[in-house]
**Q** 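Before I ask anything, let me first share the structure, which is written out below as structure tokens.
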2 protein chains.
Amino acid sequence: MPEGRPPTIKDVADRAGVSKSLVSLVMRGSAKVSEERRAAVVAAAAELGYRPNAVARSLVRQRSHVVGLMLSDIHNPYFAEVVDGVESAAALGGYRALFNTGSRRPAAEREAMETLLELRVDGLVLAGPVLAVRDIAAAARSVPLVLVARASRSVGFDSVTNDDRRGGALAVEHLVALGHERIAHISAGSGAGARSRRTGYERAMARAGLSSHIRVVSGSFTEEGGYEGMRRLLAGGERPTAVFVANDLAAIGALQAADDAGVAVPGDVSVVGYDNTALAALGRIDLTTIDQPGAELGAMAVELLFERIDGRVGDRHIVVTPSLVVRSTTGPPP
Amino acid sequence: MPEGRPPTIKDVADRAGVSKSLVSLVMRGSAKVSEERRAAVVAAAAELGYRPNAVARSLVRQRSHVVGLMLSDIHNPYFAEVVDGVESAAALGGYRALFNTGSRRPAAEREAMETLLELRVDGLVLAGPVLAVRDIAAAARSVPLVLVARASRSVGFDSVTNDDRRGGALAVEHLVALGHERIAHISAGSGAGARSRRTGYERAMARAGLSSHIRVVSGSFTEEGGYEGMRRLLAGGERPTAVFVANDLAAIGALQAADDAGVAVPGDVSVVGYDNTALAALGRIDLTTIDQPGAELGAMAVELLFERIDGRVGDRHIVVTPSLVVRSTTGPPP
DNA sequence: GGCGCGAATTGGAACGTTCCAACGGGAGGG
DNA sequence: CCCTCCCGTTGGAACGTTCCAATTCGCGCC
């Protein structure tokens, strides 16, 4: 069980017979400390099990060397990839990363973000937040902030996204090339990027002369959302021969709904997802999808953050181009 | 872009024409403040965009109201469930949760844990760490600590796990009941719980009089580990008719290897996983597995943590009983 | 009219660091 | 032999809060 109180720099100083300043110098690896004193301090610290108090350090230095990352949904494997990128880029820059999650609920997201803000992280990365732009902009006023996987032309922060509109078009173009006309879309409503993916879908449909076949049902970025969406598509009206789903997670739900309804994929209906998560690559799933490199986006976000932290400011909105990954859930229409 | 310096309690006090102590009282919702002063303070805080500095508060109160959670692997959906449980239980107790990840590498895990420790979290939850017990025990000496999804009879901290040995036996018993004899195991080596699952497998095999059929290949708690393990099992020697894999993620890799080798599941070989993650429930995967309720384990861990934080100490090692979930990857031997 | 009391408010110490200006002492130069 | 310089070391202020003891103020009571 934890003992009375963790040892402080003062305790170490007393035991080593030096001043706390000297201990501080040793801990930070200063060159201007005599070898014997250093040894004495190191020994004393080890004996006491001294561990520097990051809270006190952070208070006096006005810098935490921590970047905060708010994840909109920890169940979406796409964000695990973003985490990888953020974490490795942060480590490269001598920073630590700490996460949070908002469970897709704006209120929870705001609270998670607030927690990070109160902790005075040096930079904040928001991955796929459903938060209002107003809240994001407000936060950006007090800390360097970068948005990942959600576009925004707003000022005051940077963003790194893929071109969701282009991605949506890519999906449609692929299906059109296969000969589909009745291509439906399961949208994720207000989810990050959902609007653009939908717009990409609609415009590409129009360009292909298929305006009359545009059909959008609302869902979400979750399995349940995709399942429900597909259920509705299969139930009512003229059945589509292909469905472009808002993301992989939802696409997997859609696949499930098709399986449950005895509808063959891609025999009866083709399905396209979005994100190219590890899930999509599983042999049993083998989902055609749009690739959006999560780890890279995360790493770029941190680099932008570093520039802001260093004072090199300029609202940069990086947009990477998505690409199509064809697997076995798409084929010619029946 | 962030302005010069975030406003402090002092700035608010000046603007409202009161002392910093009064502002502090208002911020903490004290009842003994006159209505007019309160209003003045609230207004001043809003105008300045004041946000309390958790770092300073944490320093003086010697309490952060944050529980730290170190995740061994953010790509394993099982841990996302643990996060859910931890987060909701923490919120219930008025605490915030902050995560970290160690990417299954002991050195990285130690660093992640150290980060949390330096930040002086009030409690630490370690989910499935591969860290040495020595390191865990050392950390437990300075902070209330609970281990999740890894057993340990050590003193100084609590743990919440499922009975991995029983789980391993459950898998074997199910397969034996189906008529299998050549049941192999893909182990996760030094991963948390791996040893016990293996022991459970071995003992159950012995109990069933199948000692001579015991066959263990080493893998890991990842898809690649499972893939490789299955590849080896299918390649060399007498082919098993059933395989118990260390966890769902690895089992999915194993499934893939079987598919790639043209081996039918469960026609030629049955496969059992562990964890009962959302992955296993996917229709396309439909994996027979051992259920270990992640969210519940996470929530229980936080409750134990709270008891320790409140000083009610006692090394408690909670072990929940796993259960078998039969799906379609298991069947009678060919 | 003075006294006591409670309620509202305040100043200052404390938390554990870092940083800076200042200090002591030995060596080297005049 | 004294002065200077530099190196290693030190004390104290500062960071933004909370908490406690002390202060002020208004009011009722004797």
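This structure is a prediction, so every number in the text was calculated from the model and none was measured.
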**Q** Using five pairs at either end of the helix from C/dG1-D/dC30 to C/dG30-D/dC1, determine the angle between the two local helix axes and round it to 10 degrees.
**A**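 So the angle between the two local helix axes works out to 70°.
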**Q** Please tell me if B/Q62 has a side-chain N or O lying less than 4.0 Å from either OP1 or OP2 of C/dG16.
**A**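 Result: yes.
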**Q** Between A/R63 and C/dT18, is there a contact of a side-chain N or O with OP1 or OP2 at under 4.0 Å?
**A**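 No.
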**Q** For the atom pair CG (B/L124) and CG (B/L147), what is the distance rounded to the nearest 0.5 Å?
**A**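 The CG atom of B/L124 sits 9.5 Å away from the CG atom of B/L147.
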**Q** Measure from the side chain of A/S34, starting at C-beta and using heavy atoms only, and say which of C/dG11, D/dG8, D/dT10 lies closest.
**A**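 From the listed options, D/dG8 comes nearest.
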**Q** Counting any heavy atom closer than 4.0 Å, what does B/V18 reach on the DNA or RNA strands: base, sugar-phosphate only, or nothing?
**A**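 It contacts sugar-phosphate atoms only.
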**Q** Do A/L297 and A/Y78 have side chains that get closer than 4.5 Å, going by heavy atoms?
**A**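 A side-chain contact under 4.5 Å exists here.
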**Q** Under 4.0 Å between a side-chain N/O of A/R120 and OP1 or OP2 of D/dC15, yes or no?
**A**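 Answer is no, no contact under 4.0 Å.
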**Q** Please report, rounded to the nearest Å, how far the P atom of D/dG16 is from the CG atom of B/D11.
**A**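 Those two atoms, CG and P, are 8 Å apart.
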**Q** Among D/dG11, C/dG16, C/dC19, which nucleotide has an atom closest to any side-chain atom of A/V60?
**A**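 Nearest nucleotide to the side chain: C/dG16.
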**Q** Whole angstroms only, please: what is the NE2-C1' distance between B/H65 and D/dT17?
**A**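 The answer, rounded to whole Å, is 14 Å.
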**Q** On DNA chain C, nearest-nucleotide positions of B/L25 versus A/R51: which is more 5'?
**A**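 Of the two residues, B/L25 wins.
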**Q** Counting only heavy atoms not in B/E296, do more than 12 fall under 6.0 Å of its CD?
**A**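 No.
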**Q** I need the single residue from B/R308, B/R316, B/H317 that forms a side chain to side chain donor-acceptor pair (under 3.5 Å) with B/D158. Which is it?
**A**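 Single pass found, and it is B/R308.
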**Q** Find the distance B/L22:CG to D/dA22:P and express it as a whole number of Å.
**A**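 Going from B/L22 (CG) to D/dA22 (P), I get 20 Å.
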**Q** Whether A/R57 contacts C/dT18 is assessed here as follows: a side-chain N or O lying under 4.0 Å from the phosphate OP1 or OP2. Is that the case?
**A**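 So the side-chain polar atoms of A/R57 do come within 4.0 Å of the phosphate oxygens OP1 or OP2 of C/dT18, strictly under.
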**Q** Rounding to a whole Å, what distance do you find between B/M27:CE and D/dG16:C1'?
**A**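 Interatomic distance, CE of B/M27 to C1' of D/dG16: 13 Å.
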**Q** Is any NZ, NE, NH1 or NH2 atom of the basic residue among A/R96 and A/E87 found under 4.0 Å from an Asp or Glu carboxylate oxygen of the other?
**A**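 So A/R96 does not pair with A/E87 through a salt bridge.
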**Q** Report yes if a side-chain nitrogen or oxygen of A/R61 is closer than 4.0 Å to either non-bridging phosphate oxygen (OP1 or OP2) of C/dC19; otherwise report no.
**A**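 Looking at the OP1 and OP2 atoms of C/dC19, one of them is under 4.0 Å from a side-chain N or O of A/R61.
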**Q** Rounded off to whole Å, could you give me the CG-to-P distance for the B/N53 and D/dA14 pair?
**A**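 So the two atoms are 18 Å apart, to the nearest Å.
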**Q** Are A/E114 and B/R51 within salt-bridge range, i.e. N to O under 4.0 Å?
**A**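 Yes, charged N to carboxylate O under 4.0 Å.
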**Q** Starting at atom NZ of B/K32, determine the distance to atom P of C/dT10, rounded to an integer number of angstrom.
**A**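 Going from B/K32 (NZ) to C/dT10 (P), I get 15 Å.
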**Q** Please report the distance, rounded to the nearest Å, between CD1 in B/I9 and P in C/dA14.
**A**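 Result: 19 Å.
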**Q** Is the shortest side-chain N/O distance from A/R37 to OP1 or OP2 of D/dT9 below 4.0 Å?
**A**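 Indeed, a polar side-chain atom of A/R37 lies that close.
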**Q** Counting just side-chain N and O atoms, does A/S24 come under 4.0 Å of either OP1 or OP2 of C/dT18?
**A**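 Indeed, a polar side-chain atom of A/S24 lies that close.
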**Q** Looking across every strand, which nucleic acid part, if any, lies under 4.0 Å from A/S21 by heavy atom: base, sugar-phosphate, or nothing?
**A**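 Counting heavy atoms under 4.0 Å across all strands, the contact made by A/S21 includes a base.
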**Q** Quick check on the 6.0 Å ring-centre criterion: do A/Y95 and A/F306 meet it?
**A**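 Ring centres of A/F306 and A/Y95 closer than 6.0 Å.
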**Q** Reckon A/K20 touches a base, only the sugar-phosphate, or nothing at all at heavy-atom distances under 4.0 Å?
**A**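 Base, at least one base heavy atom under 4.0 Å.
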**Q** Are B/V33 and B/S30 close enough, and set up right, to give a side chain to side chain contact (heavy atoms under 4.5 Å, CB included), and what steps lead you there?
**A** CA-CA 7 Å; B/V33 177; B/S30 163; 4.2 Å; yes
**Q** Within this structure, what is the CZ-to-P distance between A/R38 and D/dG8, rounded to whole angstrom?
**A**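 Going from CZ in A/R38 over to P in D/dG8 covers 10 Å.
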